[in-house]
Amino acid sequence: DQNEYGAAQVKYEEALQIRRKLAEENPRTYLPAVAMTLINLSIFYLQSKPDSQKSVAMALEALGCLQDFQKIPSLNNYAKIAYQVLEANGVDQAGNPLPAKA
């Protein structure tokens, strides 16, 4: 809200590192948090500090983190957001360009 994108980026990256480390020890508990942080970063790189390559990579990684959690409704919402980020970047869930709309 305060346009402090550099500080926000540092905090997001720091949170991601912490959550990844926790997920190494207890993936069932912390992989959803990793996915959520990756999705937040993918949105950050889509809107606040545009970098399509980073945005797509983080959305794809988030989807990978969520593969084993498909039966949990709240986590399906994370996946939907990741798909929306990919679509906004013009790629599909495999990272391939989407066909041009007629």
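Count residues from 1 along the sequence.
- A donor-acceptor contact shorter than 3.5 Å is absent between the side chain of N40 and the backbone of Y12.
- Taken from CG in L31 to CG in D68, the straight-line distance is 8.0 Å, to the nearest 0.5 Å.
- Looking at N89, its side chain does come within 3.5 Å of a backbone N or O of V85 through a donor-acceptor pair.
- Remark: the backbone N or O of S52 is not paired with any side-chain donor or acceptor of S55 at under 3.5 angstrom.
- Taking the side chain as every heavy atom from C-beta outward, L60 and V91 never approach each other to under 4.5 Å.
- Connection of V34 to L22 is not established within any shared hydrophobic cluster, with ILVMFWY side chains joined at heavy-atom distances below 4.5 Å, either directly or through further cluster members.
- Rounded to the nearest 0.5 angstrom, Y83 OH and D92 CG are separated by 10.5 Å.
- A distance of 10.5 Å separates OH of Y78 from CD1 of I72, quoted to the nearest 0.5 Å.
- A heavy-atom distance below 4.5 Å is not found between the side chains of L86 and L98.
- For residues 37-62, the pairs satisfying salt bridge (charged side-chain N to carboxylate O under 4.0 Å, His left out) are R20-E61, with sequence neighbours left out.
- Remark: E14 CD to R19 CZ distance equals 10.5 Å, nearest 0.5 Å.
- Taking every heavy atom of both residues into account, L46 and A88 meet most closely at CD2-CB, 3.8 Å.
- Note that CG of N76 and CD1 of I81 are 11.5 Å apart. Values are rounded to the nearest 0.5 Å.
- Within the 4.5 Å cutoff, the side chain of M58 has no heavy atoms near those of the I39 side chain.
- Looking at heavy atoms from C-beta onward, V56 lies out of side-chain contact with Y45 at the 4.5 angstrom threshold.
- Open room surrounds OH on Y30; 12 or fewer heavy atoms of other groups in view lie less than 6.0 Å from it.
- For the pair Y5 and F44, the minimum side-chain heavy-atom distance is below 4.5 Å.
- Within a 6.0 Å sphere centred on CD of Q93, heavy atoms belonging to other residues, nucleotides or ligands number 12 at most.
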